[in-house]
Every structure is written in structure tokens, then in C-alpha cells.
Amino acid sequence: MENKAIAKAFKLCSQLMELYNQNPFRTKAMASASFKIDKLPFPAVDASLEQLAERPGIGKSTAEKIHSLISTGSFKELDELVAKTPIGVLEMLSIKGLGPKKVQIVWNDLGIETVGELLYACNENRLVEAKGFGLKTQEEIRKAIEFANAAQGLFLYAKAEKIAAPLLVALEENFKDDKHSFTGEFRRKCEIISAIDILTTAPQAALIKFIEANEHYTLLETYDTSLQFSDSFSLKYQLLCSNHANFAYDLLVHTGSDAHIQQLQALQQPIPGAETEEAIYHKLGLPYIAPELREGLQEISWAKENRLPVLIKFTDLKGTLHNHTTYSDGVHTLAQMAAYCKDELRLEYLGICDHSKTAVYANGLSAERLKEQWAEIDALNQQLAPFKIFKGIESDILADGSLDYPDEILAQFDFVVASIHSNLRMDQEKATQRLIRAIENPYTTILGHPTGRLLLSRAGYPVDFKRVIDACAANSVVIEINANPLRLDLDWRWQQYALEKGVLLSINPDAHRTEGLMDMQYGIHVARKGGLSAECCLNAFSAENIALFFQKRKLKLKQLP
DNA sequence: GCCGTTTTCGGCCCGACTGTTTTCAGTCG
């Protein structure tokens, strides 16, 4: 069991304690334990009771609950609370904007026990009658439920990958003489996955046996040449049967989006029987098109004109910008993050961007603590040379679009990532203005996660992308592709527009622990979908070139009136 | 439930923002 899952259980327990009006201090201790577990710098599974209990915010009782969770999947107090709560009420707690207090009123005063009933009540304008609820709250809740409903059955790419990878391995082991490949949206590296498609030459009857023999899978439907099943996470799978002669052809047909395939067919019907996908594209007079690009946008006209971008790869990345440490809300220290980048990832540089002072919840840095951090960076840079740590900050964009420190402090950073973390409910005009004001700030180097979205969990604030990207172009501001699998923001669908305008992109992991740095691979996936090549990616610059880039920007600043 | 002693009890307690109130409660990052 991962720390995240343990933390989730404690969070639920604290929400339920609040729902049942239990002692507020115990309730808060439970919430705080959840937070601390999430921030443990080691896996709780490996830790003894004593090791856990000596962590701040975790005592003997919490340590025991953690061990109980790991060995049995739950603990007594949580079990009892869950047992007396209708499942629909539990679901309500996970809807954004609905906390224990509001759920309490919905359940106790209005007698609503399911999310469906709650949506119905919103539509019937019945929520406004409840104490503390008004029209706006009702509308927010209605929107949040509809968002959650739309996310039903969908998975983040990263999660789907984790769940589905063992299946392909199992197929390869059980059907050694056959060919198997992921296809469809998963092979195209889409950020959200509705089903895992696997093309295989294994015989269908044997596949059915194989699925039925595995307790994790439930067979849903069998067709002539395919079968559908789901797993214990409710992730859906489709096995598509092929044969060795047609494998490449079938792979091509199932990988491309409908639009991509239609556009190919408009050129000429692709011909089965070729050895490779490459050969099929060649027969159509086209170069090979990478699966990530096969969305039916511009890739076929690019291919026809022989100007497909050379897509960026993980190994093109020379460094990483926008990362957190224990100075703010990160789990690992500055030295640990640097050592990991240098020794494990073999990168040339690390950009540190802890939270700025307004982000109190994330332990944002005061001017004094910034000086401490800078001194430590200077010392580490001496030790680790030629590896380089750049002094950055993730500056909050305040409500009026200004940055979070006075100019004399901003001037001392190597670079500044500006992003919005608070006051997220804005209309498009306000959000766009706020972003543009931040982009026009001469100290802004990179615009961080432009929409603030959390995939499948929260829509971002609405943004006029064209105006924001144009402003970045006009002010030479780089746009972040936040590589956290929940964000992947800037969306790949807007990358081409940015690139056409000459805007550089940066694949930023926003890592809060060493392992988070590997999220850059998800950034690479969507960057490739957007057609990004290494020369337009800021953190594919060498240490020397990026230092020059930062310096040039600072020179420009000095020339300002 | 955790913590730190004035050391085994008693205090603990983000702040901004929003929407609902008419002075504050709930939620979030």
C-alpha cells in the first residue's frame, strides 16, 4: 500500500468524524496525520511502529492505524464510520466544493442520500432552501456533480499505465509465439484513457480462458474478433484479435483516431499484408507518423510535405525546472533533489522553484528564508559542479495579476515561474487579464500550469488561450507543460499555436519528491502529441545555453527605463 | 489524537475567499 492510499484513508476518516460531529481536535489530528503521511520521505510499508510514531504529527495511535491499514486494508474506527454511512453520502464527500458540513445538511436536513438525488435536487432548485445554501452554491454543486459524472469510468494515463502494463507482460508470457501490442488511445498516449486496447495474434478461445482464469478480470462481452472485459478498478479493456500477416495493418488501423484513419483512406485505401506500419505509410507515399501524432489534426499534411517535426524524447532533456524541496511543501531536501538529478537522472541542472510567501498553506518562503536557500544553493553548486542548481521561485500570481515579491527580490532569481493557486473561480475575461498582467511582468520567465486544471477532478479556470499565448510571444515568456499526470497543462492541443508564434515550451515536473521528477515522461508524451521538438523545449537546452538564456533575459531587464 | 512541558494534562487552532449572512461558516490550496 502506497503512502498516498494510506493518507486517503485518514482523510476519509477525518471527514467522517467531522460529518458525525466528533471531537474537532481529534478530527483535526486525523486530517493532519493524513497530510503528514502524504509527505513522508519513505514508504510507510517499510517503516516500524517506532519509526512512524517519532514523525511529527504521527503518534502511537496513528502508527498503529497505519500498520492496520497496511496489513488488513482498514482500521477499526474507519470501518465503523464507513459502516454507518450510506455509500452515496461517502461519494458526496469526494465532490469538489462539498465538505462534511454541507454534506451533513444535505443528508440530515434534506434527506438526500445519493449523488443522483442531489443533482436532481439542484435541478429542482431545492438546495436553496437549506440553511447556508444559496443559488450560487447550488449551481457550483450542480456543476461539480456533472464534472464528476463525466469523469466516471475514465482514467489518467499514468494510472491506466500502471494497471495495464502487467496485462501485456502476462500475455507475452502466456502466448510466447504470438505478437501483442497496445493500440488505440493508450498507444497514442492520450492524457485520459477510457479503455485499454490491445491487439494480439493469440487465438480468441484461448484468450477467453486466460481472462476467465484471472480473478481480477470480469469478462463483459465477446464479439467475432474481439472481447471486452474489466478489472477490479473498473478499467475497461478490449482485446482485438489479429494474425501475423495483418498485424501491422491492424495495428495502424486501431491506433489512429477516426479522423486520422479517414484522412488516410481519403489518400488511398491502406493495404493489408505489409510487414510494418512504416511500410504501409510508405506505400501511401508518406513517412512514418509517430502514434502520438495520429489524431487527425495536421500530421498528414505535414507528412505529405515531408515536414513532420522531429519529436522530442526523454533523453533530449538536459535539466529540469520547477521543482520543490522541504523549504516549502516538498518531501525531499535540496541536496537530495540535486543528488537525484545529477546521479540518477544524469541531468546537467536543476531549477528550484519553491512556493512564494503568499502560499502559506504550502509553507511559502519569506525573504529571510529565501536567503537561507540561496546560501545553500551556492554551497551545493560549489560541491556538485559542473552540475548546476538554478535559483527560481514559483511565484503566486495574486488576484490582481501581480507577482508575490517586490522587484528587488524578484531581480535576484535566475528565473521565475508564475502560476495561479488561489482565487480560482474567475470568468474568462478576469482569468485572461490576470494571466496577461503576470506575463507582462518583466520578471516572469515561465508561465506555470496555465489553466490550473486537475484532470478528471477539477476543470481549470476558463482562459482565452490565443490572447494568453500571444502575450507570451510578445513578452518572450516560456509556457510550462506541467508534467504532473493530473495537470498536463498547457494542453497539447494548444502547443502548435504557441510554437507557431515562436513561444518556447518547458516540460516541468513540478516535483515535490525525487520520484516526482520522473513525471517528465508524461510531459514528454503530451509534448510529442503537440508536435514539440527538442530545440523548442527550454529544458532541452544545455546547462550552458540555459544559463545564457536566463542571463540575456536579465540583461533586457536592466535596459528597462 | 498529538505535543510539550509550567513534563501525563491542557491546549491545540493556516488564511483568503466566497457566499451566505448581517458577523460568520465552509472550503480550498
What's the gap between [N] and [M] when it is taken at their [atom1] atoms, as a whole Å value?
N      : M      : atom1 : result
B:dG1  : B:dT5  : P     : 22 Å
B:dT21 : B:dT27 : P     : 15 Å
B:dT7  : B:dC3  : C1'   : 11 Å
B:dT6  : B:dG11 : C1'   : 13 Å
B:dT8  : B:dC2  : C1'   : 13 Å
B:dA25 : B:dT20 : P     : 16 Å
B:dT23 : B:dG29 : P     : 30 Å
B:dG10 : B:dC14 : C1'   : 22 Å

| task | Would you indicate what A:Pro24 reaches in the nucleic acid, counting non-hydrogen atoms under 4.0 angstrom: base, sugar-phosphate, or nothing? | result |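 Since no nucleic acid heavy atom lies under 4.0 Å of A:Pro24, the category is nothing.
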| Atom CD1 in A:Ile145, atom CG in A:Leu118: separation rounded to 0.5 Å? |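 One gets 4.0 Å once the value is rounded to the nearest 0.5 Å.
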| request: Can you measure from CD1 (A:Ile524) to CG (A:Asp519) and round to the nearest 0.5 angstrom? | output: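 If I round to the nearest 0.5 Å, the distance is 12.5 Å.
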What integer distance in Å separates [X]:[atom1] from [N]:[atom2]?
X        : N      : atom1 : atom2 : result
A:Asp329 : B:dG15 : CG    : P     : 17 Å
A:Lys357 : B:dG15 : NZ    : C1'   : 14 Å
A:Arg434 : B:dC17 : CZ    : C1'   : 11 Å
A:Lys60  : B:dC2  : NZ    : C1'   : 14 Å
A:Leu81  : B:dG1  : CG    : P     : 12 Å
A:Lys36  : B:dG1  : NZ    : P     : 18 Å
A:Asp404 : B:dA16 : CG    : P     : 12 Å
A:Glu54  : B:dC3  : CD    : P     : 11 Å

Donor + acceptor pair across side chains of [X], [Y] (<3.5 Å):
X        : Y        : answer
A:Gln51  : A:Asp46  : no
A:His525 : A:Glu292 : no
A:Asp354 : A:Thr325 : yes
A:Ser419 : A:Glu394 : yes
A:Ser32  : A:Lys36  : no
A:Glu185 : A:Ser194 : yes

Between the protein and nucleotides 23-29 of chain B, list the N/O to N/O atom pairs that are separated by less than 3.5 angstrom.
unit_1, atom_1, unit_2, atom_2, d
B:dT27, OP1, A:Gly99, N, 2.4
B:dT27, OP1, A:Gly99, O, 3.0
B:dT27, OP1, A:Lys102, N, 3.2
B:dT27, OP2, A:Lys101, N, 3.4
B:dC28, OP1, A:Gly97, N, 2.4
B:dG29, OP1, A:Arg458, NH1, 2.1
B:dG29, O5', A:Arg458, NH1, 3.4
B:dG29, O3', A:Tyr361, OH, 3.3
B:dG29, O3', A:His421, O, 3.2

| field | Any A:Thr62 side-chain N or O less than 4.0 Å from OP1/OP2 of B:dC2 | value |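 For A:Thr62, the contact criterion (side-chain N or O under 4.0 Å from OP1 or OP2 of B:dC2) is met.
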| task | Would you tell me if any nitrogen or oxygen in the side chain of A:Asn23 comes within less than 4.0 Å of OP1 or OP2 on B:dG1? | result |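 No, A:Asn23 has no side-chain N/O under 4.0 Å of OP1/OP2 on B:dG1.
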| said: Measuring centre to centre across the rings, with the benzene-like ring taken for any Trp, is A:Phe390 within less than 6.0 Å of A:Phe413? | reply: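 They do not qualify: ring centres at least 6.0 Å apart.
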| Less than 6.0 Å separating the ring centroids of A:Tyr497 and A:Phe465? |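 Between A:Tyr497 and A:Phe465, the centre distance exceeds or equals 6.0 Å.
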| Does the pair A:Glu139/A:Arg142 count as a salt bridge with the N-to-O cut at 4.0 Å? |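 Looking at A:Arg142 together with A:Glu139, the answer is yes, because their closest N to O distance falls below 4.0 Å.
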| task | From the options B:dG1, B:dC3, B:dC13, select the nucleotide whose nearest atom is closest to the side chain of A:Lys28. | result |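 Ranking B:dG1, B:dC3, B:dC13 by closest atom to the A:Lys28 side chain puts B:dC13 first.
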| Interface residues of residues 130-143 of chain A with DNA chain B (non-hydrogen, below 4.0 angstrom) |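 Hits under 4.0 Å, by residue number: A:Gly132, A:Phe133, A:Gly134, A:Leu135, A:Lys136, A:Thr137.
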| query | For B:dC3, which nucleotide is its Watson-Crick or G-U wobble mate, given both distances must be under 3.5 Å? | reply |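 Result: B:dG10.
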